[in-house]
Amino acid sequence: MKIKSYLMLLMASTILFSCADTAVVNPTETGEVTQTSDFDYQVDEFADIKVLRYQIPGWEDLSLKEQKLVYYLVQAGLSGRDIIWDQNYRHNLKIREALENIYTTYQGDKSSEDWKNFETYLKRVWFSNGIHHHYSMDKLKPGFSKAYFDTLLDETGTELTGEAYEVIFNDKDSKKVNLDESKGLVEGSAVNFYGEGITAKDVEEFYATKKSPDPNRPLAYGLNSKLVKENGQIVEKVYKSGGMYGPAIDKITFWLEKAKGVAENEEQAKALGLLIDYYKSGDLKTWDEYNIAWVQATKGNIDYINSFIEVYNDPLGYTGSYENIVQIKDFDMSEKMSVLEDNVQWFEDNAPLMEEHKKDSVVGVTYKTVIVAGESGDASPATPIGVNLPNSNWIRKEYGSKSVSLGNIIEAYNNAGSTGRLQEFAHDEEEVALEKEYGELADKLHTALHEVVGHASGQINPGVGETKETLKSYASTMEEGRADLVGLYYLMDPKLEELGLVDDYEKLGKAAYDGYIRNGLMTQLIRLEPGANIEEAHMRNRQWVSAWVFEKGRERNIIEKVTRDGKTYFNITDYAALRDLFGELLKETQRIKSEGDYEAAKNLVENYGVKVDQNIHKEVLERNVQFKSAPYSGFVNPVLVPETDESGEIISIRVEQPVSFEEQMLDYSENYDVLPLEN
């Protein structure tokens, strides 16, 4: 699970710590960007996007063998880049090829407003890995006319016809992931996990027939396949060598074989070997064996995430999106935060859960701060700031999990921002002062607690199925909200001070609570178009958590809604009582997960997490107009450049920074374009 994942900072005070939230909005509540380092962090800004750079500190301290391992793992990840484009939408590869051909060959007027709008549209498509917004899931709207596009096609000799052409301008496939059941979860989603004519009912009935050999260790059916109809029958097209996405998977395994050859230890080599076997066979039992080996491979300086993992892009929560993150251990920060690993059982024992929903023994939890060396697939350009894996509940229970915080990514955000929105939306100067003093630390600790304790906490009752089966389309937002609540509950616990993680747990907790409520009820709405409901899972969870505690505390005025000079603010009057409400809601969300209570999940999310107060939304958008900084951020990757001797053997690897966003995107298309345009 990602803080993409995809998990991630919205603004300095807003804790955006979910495990797959790749929608990183600016981590500080910023107005205008202020560079706070000699390193040039900002690459580009367009539409609602800011593109940044990140560094790889300590690269020169790695041995050549370690550098090779990183390089091979990065190459493996980039080799699967086209997979996420095709998964996101069936026409994405065709459209990308056409847009890039126009961009690189057009000789006409490049100073016109139409051309500038074309460039912006292409950059937005690059950033989103397709024609749907990476966060809102809405189809991107071109700022140029169909007639102008026809001129570009004609003058560059570019061919784009049929549905792939028409869909750029019409209303078809308007939502990548649709969570409105009335429109059909599968039928209303453009994501390319299900073939034409497949319905949500078809999917559920198909997988209902799949029975795991051991019901206590269920296989992740649907994780690596696309369901299609052939001769009237539903069949799986499995992602594997020789199967769907085979050409890209063969490239991935080529580089993984090289990585295995320079593995740091036997455990790491074993895990890589099993991952290769899984890619070759597509066998889900091998996938489980790999995850067990991977979670147990804790030695060494290098680690990675690679394959079809997070299911947030599937409206039914079965199929995993392709992603890759290559990591170098940050020894200093990992050592400082290891205290959470050592005390994870204390947090479980003292959680406000029903006793039968607690784990007697939380095993194998590791937490590290890492330095990212490369990302691809669903982790790039929009990246998580933290990840917790594996996602299988039974593997987590029996073997543990790995949690990582992407330290250099967070550092890049923190160095590319300044203050602005904080003063606009905070209730008073005390709130501003707390945020400035404790906000960054509160963010880091909430990320850690969310990942290490939150996702490791609790257990499903015997005989209750996986959440994708029981909670269905609400599984992702319920899990992220549950992990958020674990973090929120403990952010105002004296244990944090006892462990030496903070000098004043009460002030830290106040800063965290202020930011979470401010974000959940107001500032995250800057990402929505007027009149829109909330559909993205992480935005939903932040609103349903905030709206629920606001309502339940209304009679005691725990959170007061204040109107001053025509502006709305939310002011917490009793932080201890709010903590109790977070604990009460945590107990209920764990019960819902443990018992598989679909109706309760539906009621919680639909009643508190979907509908937007349109008056508040209008006000937030009006107050936000003064801030010009783009609300979303992502990254280009550093480029690892090998130098070889006469025999072709790598003798050194240097790190370079890409000059521009478009340079990197075009380079990726040229060097990692391995899939046919239709798959």
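- For the pair Arg124 (side chain) and His133 (backbone), a donor-acceptor distance under 3.5 Å is absent.
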Give the C-alpha distance, both sets of side-chain angles, the deciding distance and a yes or no for side chain to side chain contact (heavy atoms under 4.5 Å, CB included) between Asn541 and Thr477. CA-CA 5 Å; Asn541 95 239; Thr477 190; 3.3 Å; yes
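- Residues Thr589 and Met478 share a closest heavy-atom pair of CG2-CE, 4.0 Å.
- The backbone N or O of Gly531 lies less than 3.5 Å from a partner atom in the side chain of Gln614, making a donor-acceptor pair.
- Residues Lys226 and Asp86 fail the side-chain proximity criterion, which asks for heavy atoms closer than 4.5 Å.
- In summary, the side chains of Asn224 and Lys240 do not present any donor paired with an acceptor at a separation below 3.5 Å, with no hydrogens or angles considered.
- Minimum interatomic distance between Ala448 and Leu340 (heavy atoms only, all atoms of both residues): CB-CD1, 3.3 Å.
- In this structure, the side chains of Val228 and Val235 come closer than 4.5 Å at one or more pairs of heavy atoms.
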How far apart are the C-alpha atoms of Asp288 and Trp394, what are their side-chain angles, what is the distance that settles it, and do they pass the side chain to side chain contact (heavy atoms under 4.5 Å, CB included) test? CA-CA 10 Å; Asp288 285 347; Trp394 74 264; 3.5 Å; yes
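- If you check the side chains of Tyr575 and Asp514, you find a donor sitting under 3.5 Å from an acceptor.
- Nearest heavy-atom pair across Lys139 and Asp171 is NZ-C, 4.0 Å.
- Ring planes of Tyr490 and Trp346: tilted class, angle from 30 to 60°.
- For Gln590 (side chain) and Lys358 (main-chain N/O), no donor-acceptor pair under 3.5 Å exists by modelled atom type.
- A salt bridge links Lys175 to Glu535: at least one charged side-chain nitrogen sits closer than 4.0 Å to a carboxylate oxygen.
- Under the 30°/60° scheme for interplanar angles, the aromatic rings of His91 and Tyr89 are found to stand perpendicular.
- The side-chain heavy atoms of Phe308 and Thr319, taken from C-beta on, include no pair separated by under 4.5 Å.
- Side-chain N or O atoms of Glu341 include one that pairs as donor or acceptor with a backbone N or O of Tyr367 at under 3.5 Å.
- In this structure, the separation between CD1 on Ile559 and CD1 on Ile517 is 4.0 Å, given to the nearest 0.5 Å.
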Report the C-alpha separation of Tyr194 and Asp202 in whole Å, then their side-chain angles, then the decisive distance to 0.1 Å, and conclude whether the side chain to side chain donor-acceptor pair (under 3.5 Å) test is met. CA-CA 10 Å; Tyr194 304 103; Asp202 291 334; over 6 Å; no
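- By the 4.0 Å N-to-carboxylate-O rule, Glu289 lies close enough to Lys285 to be salt-bridged with it.
- The aromatic rings of His455 and His450 sit perpendicular to each other, their planes meeting at more than 60°, with 30° as the lower class boundary.
- In terms of heavy atoms, Glu588 sits closest to Ala600 at OE2-CB, 4.3 Å.
- With a 4.5 Å cut-off on side-chain heavy atoms, Phe570 and Ser546 do not count as touching.
- When the shell of 6.0 Å around CG of Asp214 is examined, it contains more than 12 heavy atoms from other residues, nucleotides or ligands.
- Checked by atom type and distance alone, the side chain of Lys176 never pairs as donor or acceptor with a backbone atom of Asp173 at under 3.5 Å.
- Here the closest heavy-atom approach between residue Asn313 and residue Val177 is recorded as O-CG2, 3.2 Å.
- Test Tyr489, Tyr513, Trp548 against Phe582 for ring-ring contact (aromatic ring centres under 6.0 Å, His included) and you get one pass: Tyr513.
- Here the two rings, on Tyr135 and His538, have centers that are 6.0 Å apart or farther.
- Proximity of the aromatic rings of Tyr632 and Phe127 is defined here by a centroid distance below 6.0 angstrom, and this criterion is not met.
- Using modelled atom types and a 3.5 Å distance limit, the side chains of Gln524 and Asn519 yield no donor-acceptor pair.
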Step by step, would you call Tyr516 with Val545 a side chain to side chain contact (heavy atoms under 4.5 Å, CB included)? CA-CA 9 Å; Tyr516 197 91; Val545 168; 3.7 Å; yes
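- Annotation: side chain of Asn178 is not in contact with side chain of Glu187 (no heavy-atom distance under 4.5 Å).
- Between the side chains of Glu451 and Ser403, no donor-acceptor pair of N or O atoms lies under 3.5 Å.
- Residues Lys593 and Asn393 have side chains in contact (heavy-atom distance under 4.5 Å, counting atoms from C-beta outward).
- With respect to the salt-bridge test (charged N to carboxylate O, under 4.0 angstrom), the residues Glu584 and Lys552 do not qualify.
- Judged purely by atom type and a 3.5 angstrom limit, Ser225 has no side-chain atom pairing as donor or acceptor with the backbone of Val238.
- In this structure a side-chain-to-backbone donor-acceptor pair under 3.5 Å is present from His617 to Leu528.
- Cation-pi geometry between Lys561 and Phe550 is not satisfied (NZ or CZ under 6.0 Å from the ring centre, within 45° of the ring normal).
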Show your reasoning for whether side chain to side chain contact (heavy atoms under 4.5 Å, CB included) applies to Leu316 and Phe193. CA-CA 10 Å; Leu316 299 183; Phe193 294 141; over 6 Å; no
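- Residues Glu348 and Ser457 bring a donor and an acceptor atom of their side chains to less than 3.5 Å of each other.
- A pairwise comparison of heavy atoms in Leu284 and Ala220 identifies CD1-O, 3.4 Å as the closest pair.
- The salt bridge (Lys or Arg N to Asp or Glu O under 4.0 Å) check on Lys402 picks up Asp303, with sequence neighbours excluded.
- Under 4.0 Å is where a charged nitrogen must lie from a carboxylate oxygen, and between Glu196 and Lys229 no such pair does.
- One finds the CG atom of Leu449 at 12.5 Å from the CG atom of Leu485 (value rounded to the nearest 0.5 Å).
- To the nearest 0.5 Å, atom NZ of residue Lys472 and atom CD of residue Glu181 are 8.0 Å apart.
- In this structure, a donor-acceptor pair under 3.5 Å is absent between the side chains of Tyr318 and Glu204.
- The shortest distance between side-chain heavy atoms of Asn129 and Pro381 falls below 4.5 Å.
- Salt bridge absent: Asp484 and Arg542 never bring a charged side-chain N and a carboxylate O closer than 4.0 Å.
- Between the side chain of Trp294 and the main chain of Tyr304, a donor-acceptor pair closer than 3.5 Å is present.
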Would you mind writing out the side-chain donor-acceptor pairs for residues 602-609 within the sub-3.5 Å range, not counting sequence neighbours?
| unit_1 | atom_1 | unit_2 | atom_2 | d |
| --- | --- | --- | --- | --- |
| Asn603 | ND2 | Glu599 | O | 3.2 |
| Glu606 | OE2 | Tyr474 | OH | 2.7 |
| Asn607 | ND2 | Asn603 | O | 3.0 |
| Tyr608 | OH | Glu551 | OE2 | 2.6 |

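- Judged purely by atom type and a 3.5 angstrom limit, Glu469 uses its side chain to pair as donor or acceptor with the backbone of Glu466.
- Note that CG of Leu179 is 12.0 Å distant from CD1 of Ile534, once rounded to the nearest 0.5 Å.
- Side-chain contact between Pro530 and Leu621 is present, with heavy atoms from C-beta onward closer than 4.5 Å.
- With Ser212 contributing its side chain and Leu219 its backbone, the two residues share a donor-acceptor pair below 3.5 Å.
- Ion pair Lys468/Asp314 not flagged as a salt bridge, since none of the NZ, NE, NH1 or NH2 atoms sits closer than 4.0 Å to an Asp/Glu carboxylate oxygen.
- The residues Arg579 and Asp493 are annotated as salt-bridged, a charged nitrogen and a carboxylate oxygen being separated by less than 4.0 angstrom.
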